Number of protein chains: 2
Amino acid sequence: MIPRKISVAKKKTPQEDGTTEEKIKQAARKVFIRKGFAATRTRDIAEEAGLNLALLNYYFRSKEKLFDLIMLENMQQFMLGMKDIFNNESSTLNVKVIDFVANYINLLKSQPDLPLFILHELKANPQKFVENVGVKKVLFESHFFKQINEATKGKIDSFQLVINMMALTVFPFIACPLLKSIGNLKQNQFDELMEERKVMIPRWINSMLKIK
Amino acid sequence: MIPRKISVAKKKTPQEDGTTEEKIKQAARKVFIRKGFAATRTRDIAEEAGLNLALLNYYFRSKEKLFDLIMLENMQQFMLGMKDIFNNESSTLNVKVIDFVANYINLLKSQPDLPLFILHELKANPQKFVENVGVKKVLFESHFFKQINEATKGKIDSFQLVINMMALTVFPFIACPLLKSIGNLKQNQFDELMEERKVMIPRWINSMLKIK
DNA sequence: GTCTATAATTCGATAGAC
DNA sequence: GTCTATCGAATTATAGAC
């Protein structure tokens, strides 16, 4: 059989025309993120897209190739925010923290399943995606890291602080069902809590920076 | 076909005799936690146990029933530590935090995949397991919560603080592959970082409590 | 490009011998 | 209780008509 061309990165406008290819990608994105790779059936994606199963293979050759595409895009999206904020040379440390937290909480309110999806698939297949993270050393040489070191005179490992910032911001969304259960929260109450965290997390981080 | 009895909670010694049933459970535990329900094949479990596929169904009737058993046990194990520590009436707030962090980091060093597994399966099937959490209101009426309220005079929502404590403790293990990648860490360096956190997290939590 | 129908494979579960 | 062999359903992928 003649291998069909896979069209990729065609430089279209972001939120996309109603191309069949794009419809499939959008549907795949939705279903993969909700259920993960293994639990997703190609039929689910086809149905979600309102299209036929055969078209998936026509455009993307296989479930796995489609998944890899989606996964890569999601990881890049997830990492993008960090890079931009951390390397902004004209903002203060405090503003960077505020920006980071607000940006990610906004992102996660619209896509709550994203981090669990990424981290689960990353663990399932570390060697495959971990190279594509695309931040790496950029983080360690960032303006943000220098500012932390200045502010704390090296008292806190900058990396640990970034872990803390990510943990405080992202973890509640990963543990959402658990937290809703033990806190007896409805979705809007959970959202409320996350809004509070948007202002609290920067204060908490700030208090860590001040530890002698 | 005659339904066979499923033996459950037989009151054996904890880490168990070499019963076939127990071998299967141990193997299932290992494979399910590593790969999740959907990606696990019953054949994997049988192979891991060094036994035949048919025995799984003989002892546990189905993949799903076996999974539910494992899942329930894991959730209980994961929640147990909290309950005990939070309700200890004779320890100070600070000691409770120290105990919580040390206990969980020790647990997670020996079972790093546990939280991602639980949270992923909980999201995949919220209505099924969420009732069995077994903490619920116990947490809100705990000695721990009262101590937080006293210490901060209600300045911090106790629930938010517990979220923070869990986030700072658990998140690094959930994000382990990502953190190892962006930090260029080997496993022993990662473990080192977690050891540092054992002493740092209580300090960070403490600094949050002191915010005016 | 898009569809229907189906091939090929995988996987959970069971029958039946021992 | 344990095994081998196999059934049947589900699922990915493809062939071929339009």
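Residue numbers begin at 1 in each chain, while the letters A, B, ... track the order of the sequences. Keep in mind that what you see is a predicted model, and the values were worked out from it rather than measured.
Computed from coordinates, the A:Leu51 CG to D:dA13 P distance equals 17 Å when rounded to whole Å. Rounded to whole Å, the distance from CZ on A:Phe67 to C1' on D:dT11 is 17 Å. C:dA13 atom C1' lies 16 Å from atom CZ of B:Phe60, rounded to whole Å. We find that CG of B:Leu56 is positioned 12 Å from P of D:dT2, with the value rounded to whole Å. Put simply, CG on B:Asn52 is 14 Å from P on D:dT6, counting in whole angstrom units. The distance from atom CD1 of B:Ile45 to atom C1' of C:dA13 is 14 Å, rounded to the nearest whole Å. Between the CD atom of A:Glu47 and the P atom of D:dT11 there is a distance of 12 Å, rounded to whole Å. Rounded to a whole Å, the CD atom of B:Glu64 is 14 Å from the P atom of D:dA10.
Taking a cutoff of 4.0 Å between a charged side-chain nitrogen and a carboxylate oxygen, B:Glu73 and B:Lys25 qualify as a salt bridge.
B:Arg197 places a side-chain heavy atom less than 4.5 Å from the side chain of A:Ile163.
Screening A:Lys35, A:Lys30, A:Arg34 for a side-chain hydrogen bond (donor to acceptor under 3.5 Å, both in side chains) involving A:Asp44 leaves a single residue, A:Lys35.
Close placement of the B:Phe67 and B:Phe32 rings is indicated, their centers lying within 6.0 Å of each other.
Residues meeting the side-chain contact (heavy atoms from CB on, under 4.5 Å) test with B:Pro177, sequence neighbours left out: A:Leu122, A:Lys123. For A:Pro202, the side-chain contact (heavy atoms from CB on, under 4.5 Å) partners are A:Val97, A:Ile98, A:Val101, not counting sequence neighbours. For B:Lys198, the salt bridge (Lys or Arg N to Asp or Glu O under 4.0 Å) partners at least two apart in sequence or on another chain are B:Glu195. Every ring-ring contact (aromatic ring centres under 6.0 Å, His included) that B:Phe100 has, sequence neighbours left out, goes to B:Phe86, B:Tyr104.
Side-chain atoms of A:Leu55 lie closest to C:dC3 of the nucleotides D:dG1, C:dC3, D:dC3.
When the side-chain nitrogen and oxygen atoms of A:Tyr58 are compared with OP1 and OP2 of D:dT14, none of them lie within a distance under 4.0 Å.
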Protein-nucleotides 8-12 of chain C N/O pairs under 3.5 Å:
residue : atom : partner : partner atom : Å
C:dC11  : OP2  : B:Arg41 : NH1          : 2.6
C:dG12  : OP1  : B:Thr40 : O            : 3.2
C:dG12  : OP1  : B:Thr42 : N            : 3.4
C:dG12  : OP1  : B:Lys63 : NZ           : 3.2
C:dG12  : OP2  : B:Thr42 : N            : 2.9
C:dG12  : OP2  : B:Thr42 : OG1          : 2.7
C:dG12  : N7   : B:Arg43 : NH1          : 2.8
C:dG12  : O6   : B:Arg43 : NH2          : 3.3

Under 3.5 Å, which N/O atoms of the protein pair with N/O atoms of nucleotides 16-18 of chain D?
none

Are B:Phe159 and A:Ile182 close enough, and set up right, to give a side chain to side chain contact (heavy atoms under 4.5 Å, CB included), and what steps lead you there? CA-CA 10 Å; B:Phe159 192 44; A:Ile182 65 182; 4.1 Å; yes
